[in-house]
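Worksheet: one structure, shown below.
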Amino acid sequence: MSDLLKKAISLGWGLTIVSKEKIEKTVEELVKRGELAPTESKDLIERLVERGEEEKSQFKDFLREQVQRILTELHVPSGKQVADLERRIGELERKLAEREGTAGEPTPGTGHS
């Protein structure tokens, strides 16, 4: 079974998209063909499912890092940067409204007469 497990694990990223049902069906076929003892099948299924979850988690991390790298290279602002700019614009709009309201006269360049 050790050799079989190594072959399955060597599939690498392929396990990230294989469902538990598919793994169970494949292991059942191995048992039917006599390539795997029935007592070993449950253990193999658990190991393959666990490995698949680990691979899925690693793939998500890898994908997240790559997307972040690309966004950085393209100079796309982060959500925090956009929120900070929106806050600053809001503060400037509030200050401008206060200045226009308390001065009684339009601020030069605003187009008010």
Side-chain angles (χ1 to χ4, degrees):
M1 185 188 86
S2 177
D3 192 39
L4 178 64
L5 182 60
K6 287 179 185 176
K7 286 179 184 177
I9 290 175
S10 72
L11 294 174
W13 295 110
L15 288 176
T16 63
I17 58 173
V18 176
S19 67
K20 182 178 180 183
E21 292 78 22
K22 180 76 173 169
I23 291 171
E24 288 172 343
K25 184 177 178 182
T26 302
V27 170
E28 285 175 21
E29 288 296 318
L30 292 171
V31 171
K32 285 180 186 176
R33 293 192 313 227
E35 296 179 30
L36 182 66
T39 56
E40 297 175 319
S41 65
K42 184 177 179 183
D43 185 47
L44 178 60
I45 290 169
E46 288 174 7
R47 286 188 201 181
L48 291 175
V49 168
E50 183 180 309
R51 177 65 184 205
E53 290 300 318
E54 290 171 9
E55 293 285 342
K56 191 182 297 183
S57 177
Q58 290 174 359
F59 183 71
K60 285 180 182 179
D61 291 343
F62 170 78
L63 191 57
R64 187 177 294 112
E65 289 171 8
Q66 294 305 308
V67 168
Q68 186 60 45
R69 182 184 59 79
I70 290 168
L71 292 175
T72 300
E73 286 177 5
L74 294 174
H75 305 290
V76 175
S78 69
K80 182 184 179 321
Q81 290 171 319
V82 170
D84 288 346
L85 289 172
E86 288 173 342
R87 181 187 49 76
R88 289 175 60 196
I89 290 169
E91 288 174 11
L92 290 171
E93 288 174 334
R94 182 185 52 77
K95 287 178 182 178
L96 181 61
E98 286 175 3
R99 178 176 272 169
E100 287 179 345
T102 58
E105 296 180 21
T107 303
T110 60
H112 294 101
S113 303

> If only atom types and distance count, is the side chain of Ser57 paired as donor or acceptor with the main-chain N or O of Glu54 below 3.5 Å?
Replying inline: no
> Between atom CD of Glu86 and atom CD of Glu93, what is the distance when rounded to the nearest 0.5 Å?
Replying inline: 10.5 Å
> Rounded to the nearest 0.5 Å, how far does CG of Leu48 lie from CG of Asp43?
Replying inline: 9.5 Å
>> Using salt bridge (Lys or Arg N to Asp or Glu O under 4.0 Å), reason through Lys25 and Glu21 one step at a time and then give a plain yes or no.
In response: CA-CA 6 Å; Lys25 184 177 178 182; Glu21 292 78 22; over 6 Å; no
>> Could you check whether any side-chain heavy atom of Gln66 comes within less than 4.5 Å of a side-chain heavy atom of Phe62, counting everything from C-beta outward?
In response: yes
> Any idea which heavy atoms bring Leu30 and Arg33 closest together, and the distance?
Replying inline: CD2-NH2, 3.2 Å
>> As a quick check of understanding, evaluate side chain to side chain contact (heavy atoms under 4.5 Å, CB included) for Gln81 and Leu85, giving each step before the final call.
In response: CA-CA 6 Å; Gln81 290 171 319; Leu85 289 172; 5.5 Å; no
> Could you state the interatomic distance from NZ (Lys42) to CD (Glu24), rounded to the nearest 0.5 Å?
Replying inline: 11.0 Å
> So if you build clusters from Ile, Leu, Val, Met, Phe, Trp, Tyr with side-chain heavy-atom gaps below 4.5 Å, do Leu74 and Val67 land together?
Replying inline: yes
>> To the closest 0.5 Å, what do you measure between CG (Leu92) and CZ (Arg99)?
In response: 10.5 Å
> To the nearest 0.5 Å, how far apart are CG in Leu36 and CD in Glu29?
Replying inline: 12.0 Å
> With side chains defined as the heavy atoms from C-beta onward, is the minimum distance between Glu50 and Glu46 less than 4.5 Å?
Replying inline: no
>> So which atom in Val31 and which in Ala37 form the shortest heavy-atom distance, rounded to 0.1 Å?
In response: CG2-O, 4.3 Å
>> Determine whether Asp84 and Lys80 satisfy the following criterion, salt bridge (Lys or Arg N to Asp or Glu O under 4.0 Å), listing intermediate values before the conclusion.
In response: CA-CA 6 Å; Asp84 288 346; Lys80 182 184 179 321; 3.0 Å; yes
> Between atom NZ of Lys56 and atom CG of Asp61, what is the distance when rounded to the nearest 0.5 Å?
Replying inline: 13.5 Å
> side chain to side chain contact (heavy atoms under 4.5 Å, CB included) between Arg69 and Glu73: does it pass, once the steps are laid out?
Replying inline: CA-CA 6 Å; Arg69 182 184 59 79; Glu73 286 177 5; 2.7 Å; yes
> Counting only heavy atoms not in Arg87, do more than 12 fall under 6.0 Å of its CZ?
Replying inline: yes
